[in-house]
Amino acid sequence: MAKNDDNLLKKIVSHSKEYGFIFPSSEIYDGLAATYDYGQNGVELKNNIKQYWWKAMVQMNENIVGIDSAIFMHPTTWKASGHVDAFNDPLIDNKDSKKRYRADVLVEDHIAKIEGKIAKEVAKAAKRFGDAFNEDEFVSTNGRVVGYKEKIAAIEKRMQAAIDTQNYADFKALIEDLDIFCPVSGSKNWTDVRQFNLMFSTELGSVAGDASTIYLRPETAQGIFVNYLNVQKSGRMKLPFGIAQIGKAFRNEIIARQFIFRMREFEQMEMQFFVKPGDELDWYEKWKEKRMKWHKALGLGDNSYRFHDHLNLAHYANAAADIEYDFPMGFKELEGIHSRTDFDLTAHENHSGKKLQFFDPQENKNYVPYVVETSIGLDRMFLAVLSAAYNEETLEDGSERVVLNIPPALAPTKVAVLPLTKKDGLPEKARELINKLKFDFTAQYDEKDAIGKRYRRQDAIGTPFCVTIDHQTLEDNTVTIRNRDSMEQVRVPMEEVRTTLEKGTSLTDLLRKN
RNA sequence: GCGGGAGUAGCUCAGCUGGUAGAGCGACAGCCUUCCAAGCUGUAGGUCGCGAGUUCGAACCUCGUCUCCCGCUCCA
């Protein structure tokens, strides 16, 4: 299998467009940066991936239910979640090193240096005074230390003012006044400070000025958290239980690239699992294992996955890991499993003034549950399936074929029915079969061109089975079924086609492997 | 956002020192053949990414702009 091939991604992009999987969005207007549309085959594959996930999460677990929350949410949601602050980073570039920094981090680092100087003074004094040393007194009276402290206070005040009033010109001036230089280039040649808000905002209410700013959700998780009590009460759920959701999320990424890997509009499949505090790390391990199993059941290659444990944890987490997949660009995050503690629910309690607690009848007390989250990028999963499936094969006779070895349960079209010729009543016979199959299987009819060419066309979109109607069919009602991967054909009675398809494209079998 | 590269038919690409666009594959219709991209005939499809400028004349030169790719950067 071709891996880490620079051209592989390009080939997948071309193939996706040529065969109706993914088109650049608004292409007739030159497209829109990093925005893509799913075509006729892409939407089928995507829906099948969703279905596999949804069934594995919701249908197969009696304590997990699904919801579908709105993309618009009350603005306070994002204050509570921390997105308003954390997604609002003032950034600055050094023109010489081309390195980008968070402007506030540069200033914080500078402050840390001054604090280092204070610590040095304290250490020196401690040595001098010995046991009689009173640190508090020293710090509040020593002229040099007091000077440093005032300096820090002034810097912090000025930075805070710059952030609060969005005065980025002064932010830059502050960095220049402090003689902060780039640790890489050593130069003080800075660009202006710019604000990058990773949330898209829009106006709610049609009267300008009268409207309030609302955001497109940057993650689907919060829709689950704000509904946690609704679901718990109305579904009579008991801990531990989970809520699953599939939906679009939006992030105004500074750089969105690598095809559908990082888009500004993307789709997430998230499940928030609510557990008793203290149990969260056990569940975290369980979900890591369960999710990995879900991936490996697809058979894209066990070596294509790995865990990446986070060392630097986000503010809400006490454990976090990614499942990384070996994309054409290398190992990259596909799914995140996070132990989010009670951060979100507690934050929503504080901001809303509503209790979001669970009454534990065994312990006879109320508490805010802890949360273990699994969050997978649907578009990334799509790309993983597509890049694993894409194969260029050289056949025994030296000819080449491009085949998508998509797991049959996920394949956009399950079966193509092909009359060997378009005469002698074969097309009618083929239509007859397809009309029976189409209730349960996505099926295609094709009579154009030589049979070999039609097989290749189906290979290119990953159709696992081709049923061919030939002259013998008219005599004994048997057909041949051609397998996409082995290219082998077997002749079976027409009635057995359904059984073969059911077996060969079974989502149930996939779920059993979970 | 910075640096580098690139945009010509559905796809892959030609197109010389400027003279109003081609191939292969693919698509469509028909004939012939009939089990792994055979053959023949015909048809459709391009504001040369977009906009200005230079020129008698621009796919080609200049500037701007958009999009894509690679690297940096960022990534809940």
Side-chain angles (χ1 to χ4, degrees), chain A residues 6-7 9-11 13-20 23-36 81-83 86-87 89 91-102 184 191-192 194 196 198-199 218-222 249 251-259 261-262 266 268 270 310 312-317 320 322 329 332-333 336 338 340 343-344 373 375 377 393 395-397 399-403 418-424 426 447-460 466-472 479-484 487-489 491:
Chain A
D6 280 352
N7 291 320
L9 187 62
K10 272 187 187 166
K11 284 176 179 170
V13 174
S14 294
H15 193 86
S16 294
K17 190 186 165 194
E18 190 165 6
Y19 289 95
F23 308 121
S25 170
S26 333
E27 200 186 6
I28 61 168
Y29 294 109
D30 281 332
L32 182 65
T35 312
Y36 293 91
S81 69
H83 285 83
F87 263 24
D89 298 333
L91 300 180
I92 190 166
D93 291 1
N94 182 271
K95 287 178 184 168
D96 299 311
S97 65
K98 310 294 180 199
K99 292 284 175 189
R100 165 168 295 164
Y101 302 91
R102 272 177 56 177
V184 175
T191 63
D192 289 340
R194 280 159 309 197
F196 289 89
L198 269 73
M199 283 197 290
E219 65 175 24
T220 53
Q222 299 304 325
R251 282 181 208 167
N252 202 357
E253 301 280 355
I254 300 162
I255 305 165
R257 240 196 265 157
Q258 285 169 320
F259 197 36
F261 184 81
R262 176 166 294 119
F266 59 102
Q268 293 184 308
E270 290 198 324
H310 288 205
N312 294 323
L313 295 170
H315 61 261
Y316 58 72
D322 295 337
M329 319 80 80
K332 299 263 188 184
E333 179 183 353
H338 302 143
R340 291 180 79 128
F343 175 86
D344 298 277
E373 164 191 81
S375 172
E393 291 181 357
L395 305 177
E396 282 173 15
D397 65 358
S399 67
E400 292 198 351
R401 73 160 179 165
V402 173
V403 57
L418 317 168
L420 195 58
T421 73
K422 46 183 153 178
K423 289 193 294 201
D424 307 329
L426 297 183
E447 61 174 30
K448 173 79 182 160
D449 296 314
I451 191 73
K453 202 167 192 171
R454 283 180 269 167
Y455 288 150
R456 300 297 170 85
R457 269 204 286 263
Q458 295 302 327
D459 289 341
C466 289
V467 175
T468 306
I469 310 291
D470 57 17
H471 290 91
Q472 196 181 327
V479 297
T480 62
I481 302 181
R482 180 245 192 201
N483 182 288
R484 175 194 69 197
M487 297 174 71
E488 277 165 8
Q489 285 179 288
R491 181 168 284 278

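By convention in this document, chain letters (A, B, ...) are assigned in the order of the sequence lines, proteins followed by strands, and residues within each chain are numbered from 1.
- For A/Asp449, taking side-chain heavy atoms from C-beta onward, the closest of the listed nucleotides B/A38, B/C35, B/C28 is B/C28.
- Considering every non-hydrogen atom in both A/Gly336 and A/Asp322, the closest pair reads CA-OD1, 3.9 Å.
- Of the candidates B/C35, B/A76, B/C69, the closest approach to any side-chain atom of A/Thr480 belongs to B/C35.
- Looking at which nucleotide of RNA chain B each of A/Arg454 and A/Glu373 is closest to, the 5′-most match is held by A/Arg454.
- Considering only side-chain atoms of A/Arg251, the nucleotide from B/G30, B/U12, B/C75 that sits closest is B/C75.
- Pairing for B/G71 is with B/C2, a Watson-Crick or G-U wobble pair whose two hydrogen-bonding atom distances lie under 3.5 Å.
- Between the base of B/A76 and the side chain of A/His338 there is no donor-acceptor pair shorter than 3.5 Å.
- Atom pair A/Leu9:CG and B/C70:P shows a separation of 6 Å (rounding to whole Å applied).
- Atom NZ in A/Lys422 sits about 10 Å away from atom P in B/C28, given to the nearest Å.
- Between the NZ atom of A/Lys453 and the C1' atom of B/C36 there is a distance of 12 Å, given to the nearest Å.
- Residue A/Lys11 contributes atom NZ, which lies 16 Å from atom C1' of B/C69 at whole-angstrom precision.
- Which of B/C35, B/A38, B/C36 sits closest to the side chain of A/Arg491 comes down to B/C35.
- Between A/Arg484 atom CZ and A/Arg401 atom CZ the span is 8.5 Å, to the nearest 0.5 Å.
- Put simply, the side chain of A/Arg482 reaches to within 4.5 Å of the side chain of A/Met487, judged on heavy atoms.
- Nearest nucleotide to the side chain of A/Arg262, out of B/C75, B/C35, B/A37: B/C75.
- By the 4.5 Å heavy-atom criterion applied to side chains, A/Glu219 and A/Gln268 are counted as neighbours.
- Taking side-chain N and O atoms only, A/Lys17 has a distance below 4.0 Å to OP1 or OP2 of B/C11.
- Nearest-nucleotide assignment on RNA chain B puts the 5′-proximal partner with A/Lys448, out of A/Lys448 and A/Gln268.
- Contact check for A/Leu420 versus A/Gln472: no side-chain heavy atoms found under the 4.5 Å cut-off.
- Considering only side-chain atoms of A/Ser14, the nucleotide from B/C28, B/C11, B/C69 that sits closest is B/C11.
- Regarding A/Arg401, its CZ atom lies at a distance of 19 Å from the C1' atom of B/A38, rounded to whole Å.
- When rounded to the nearest whole Å, the span between CD of A/Glu270 and C1' of B/A76 equals 9 Å.
- Rounded to whole Å, atom P of B/U33 lies 16 Å from atom CD of A/Glu447.
- The shortest distance between the side-chain N/O atoms of A/Arg457 and the OP1/OP2 oxygens of B/C36 is not below 4.0 Å.
- Close to B/U12, at under 4.0 Å from its OP1 or OP2, lies no side-chain N or O of A/Lys10.
- As a whole-Å value, the separation of A/Gln489 CD from B/U34 P is 17 Å.
- Side-chain N/O atoms of A/Thr421 include none lying less than 4.0 angstrom from OP1 or OP2 on B/U33.
- The base of B/C35 does not come close enough to the side chain of A/Arg482 for any donor and acceptor atom to sit less than 3.5 Å apart.
- Of the nucleotides present, B/C63 is the one that pairs with B/G51 by Watson-Crick or G-U wobble criteria, both distances under 3.5 Å.
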